[in-house]
Amino acid sequence: MSLFSDIAVVWSKYGTQILSGIGNTVLISIIGTLIGLVIGLFNGVIRTMPTAKNPLARGAMKIVNWIINAYVEVFRGTPMMVQAMIIYWGYAYMNGGDSLPLIPAGIAIVSINTGAYITEIVRGGIISIDRGQFEGAMSIGMTHFSTMIHIIIPQVMRNILPSVSNEFVVNIKDTSVLNVIGVTELYFYAASAAKNSYKIFASYLIACAIYFCLTFTVTRILRFIEKKIEGKANYTVFGSQSDSTAEIHLNKEETANV
Amino acid sequence: MSESVIEIKHLKKTFGENIVLKDIDFSISKGETVSVIGSSGSGKSTMLRCVNLLETPTGGEILFHGKNIQTELDISEYRAKVGMVFQSFNLFDNLNVLGNCMIGQTSVLGRDKKTAEAKAMEYLDKVGMTPYINAKPRQLSGGQKQRVAIARALAMDPEVILFDEPTSALDPEMVGEVLTVMKRLSESGMTMIVVTHEMAFARDVSDRVIFMNDGYICEQGTPEDVFGAPKREETKSFLSRFLNQ
Ligand SMILES: Nc1ncnc2c1ncn2[C@@H]1O[C@H](COP(=O)(O)OP(=O)(O)OP(=O)(O)O)[C@@H](O)[C@H]1O
Ligand SMILES: [Mg+2]
C-alpha cells in the first residue's frame, strides 16, 4: 500500500519535527487553561459580590459586571482563529509593526478565550451551591471574599473540574488554529511537512493520530485526578478523647452525589 | 431587668408589595432566653434574619448595646457577636466538623489555628460531637449537623445566638438531642432568641415568650402567662390550634 509507505516517508523525514510541535501544543493549552481558570474564578467572585450600599460602589460594580458580560459574549461569540488574527495583527498595527512574541501571544489568546468559557462555567458552579452556605458564612461574620476563598471556591472547583478538563482537551485541539499567526505547534509542523513532502493525506493522518493520543491520555489522567479528588468516603470516630488511639473505624456508604 | 443587649425599634420589612413586618418592638436582656412563636408566614424568620442583617430592614432600627447595627457597627464584627443557627444547618460542605468550627475564628476573629482548634474542641465537646471531628457534614445525621452548627456559632464566643426553628428539619427522634443542648445553653446564661414550634421548649426553657401574628407582636409575657392565661384571642386560637393538631 502506498499510503503506508507515504506515512513511513513523512514520518522518517519530518517525524521529529512534528513531534517537537507537541511541546508547544501542550504548553500553550495547559497554561492557557490554567490562566483561563484564574480569569473565570476571578470573574465569578466579582459577579457574585453582594450589592453594595454605597451608590458609587454600586455604580462601579454595574460597570464591571457589564464589562465581564461583554467579554464573555464577544469571546464566546467569535472564532478563536479570528481572535488570534485580531489580537496579533492589532497589536502590530498599533505598535508600528512590532509584533508580539509568538508563544506568549498564543498563550494569551487561548487564556482569554478559555477565560470567557470558564467564567460561565464558574457562574453555574457558584449558583449550584445552595444559598444556605453563604448565609452560614455571613452569620458568623465572614466577608464575601473570605467566604469565596475558604468555602465556595473549593466546592466550585470540585464541581467544575470535569468541565474545565473538557476545556483543556478542547484547547489541545484548538491550539491548531494558532498556526494562522505562525505559532510552531503540532499543526504548524504537520502542515509544513505536508507542503514540503507533497504527501498531504499522510501528513495529516500522522497529526491526527498524535492529537488523538494526546487528548486520550490527557482525558484518562484527568479522570484519575477527578476520582482522587472525590475524596474519602470514611471518617474516623474517636472513641475516647483522652486516648486518641482508641479509634472506631466506620465505613459509611456514600450516598450524596458529591 | 439588666441592660438590654438587643433592642428592636419599630422594625418594618416589606418584600415588594408584601408587608411582612409591620411594627416590631422588643428588646432582650443579657442572659435571657426568648422564644418566638406564631403561625407560619407571620414573619418570625424574617424578624430574626433582620436582626442578623441577612435581610435589610425596610424601616425602624435595631440596636446592639445601644448602637445602631446598620450605621454604627461594622457588620462583620457585629455578626461575629450574634450567632445564628438555621433550620437547614447551613454547614460548610467542604470542611469537616472541626474545620466548620474553626474557619470563622481564624478568618473573622483572626485567632491562630491552635487557639481556634482548642476553642472548637471545647464547644464540640459541649454538644457531644468530639468523636466526629473528621466527618464531613454529608456524613452526619440531621441532629448531629445541628449540634455542629451550634458549636460553630458558640466557637465565635457570641453574646447572643439566634435560632430559627433549629429542630423543624429533624426526624422526631433527633429533636431531643438538639433541644437538650439548647436547654443547657440557656441555663448557662447565653442570651438566646429562639423561633420555634416546640411549645414544650418555649414553655419550659424560655424566660419570655413572644407571640407574633400578622407582622406584629401580638402578645408577650412569661411562659406561664402566655400559655396559661393568654389575653388575646389570636393567641388563644393559635395555641388551641397548635395543641390540638
Ligand atoms: N425573600 C423573600 N421574598 C419575598 N417574600 C418573602 C421572602 N422571605 C419571606 N417572605 C414572605 O414573608 C412572609 C413571612 O415569612 P417568614 O419566613 O418570616 O415566616 P415565618 O413566620 O418564619 O413562617 P414559618 O413558620 O413557616 O417559618 C411570608 O409570606 C413569605 O412568603
Ligand atoms: Mg420561618
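- Within residues 97-120 of chain B, the residues that have a heavy atom under 4.5 Å from a heavy atom of chain A are B:Ile103, B:Gly104, B:Ser107, B:Val108, listed by number.
- Across A:Met142, A:His150, A:Glu135, the residue that shares the most heavy-atom pairs under 4.5 angstrom with chain B is A:Glu135.
- Within a 6.0 Å sphere centred on CZ of B:Phe15, other residues, nucleotides and ligands contribute more than 12 heavy atoms.
- The greatest number of non-hydrogen atom pairs below 4.5 Å with chain A, out of B:Leu91, B:Thr56, B:Asn96, is found for B:Leu91.
- Proximity to chain B at a heavy-atom threshold of 4.5 Å picks out A:Gly132, A:Gln133 from residues 116-133 of chain A, in numerical order.
- Among residues 158-192 of chain B, no residue has any heavy atom closer than 4.5 Å to a heavy atom of chain A.
- Around the CZ atom of A:Arg58, the shell of radius 6.0 Å holds more than 12 heavy atoms that belong to other residues, nucleotides or ligands.
- To the nearest 0.5 Å, the span separating CG on B:Leu53 from CE on A:Met138 amounts to 11.0 Å.
- Distance check, rounded to the nearest 0.5 Å: CG of B:Asp93 to CD of A:Gln155 gives 5.0 Å.
- Of the atoms belonging to B:Asn94, heavy atoms from both backbone and side chain fall under 4.5 Å from chain A.
- Annotation: maximal heavy-atom pairing with chain B below 4.5 Å, among A:Ile152, A:Thr147, A:Ile149, A:Ile140, occurs at A:Ile140.
- Listed in order of number, the residues of residues 64-86 of chain B that approach chain A to under 4.5 Å between heavy atoms are B:Ser76, B:Arg79, B:Ala80, B:Val82, B:Gly83, B:Met84, B:Phe86.
- The CE atom of B:Met156 lies 8.5 Å from the OG atom of A:Ser139; values are rounded to the nearest 0.5 Å.
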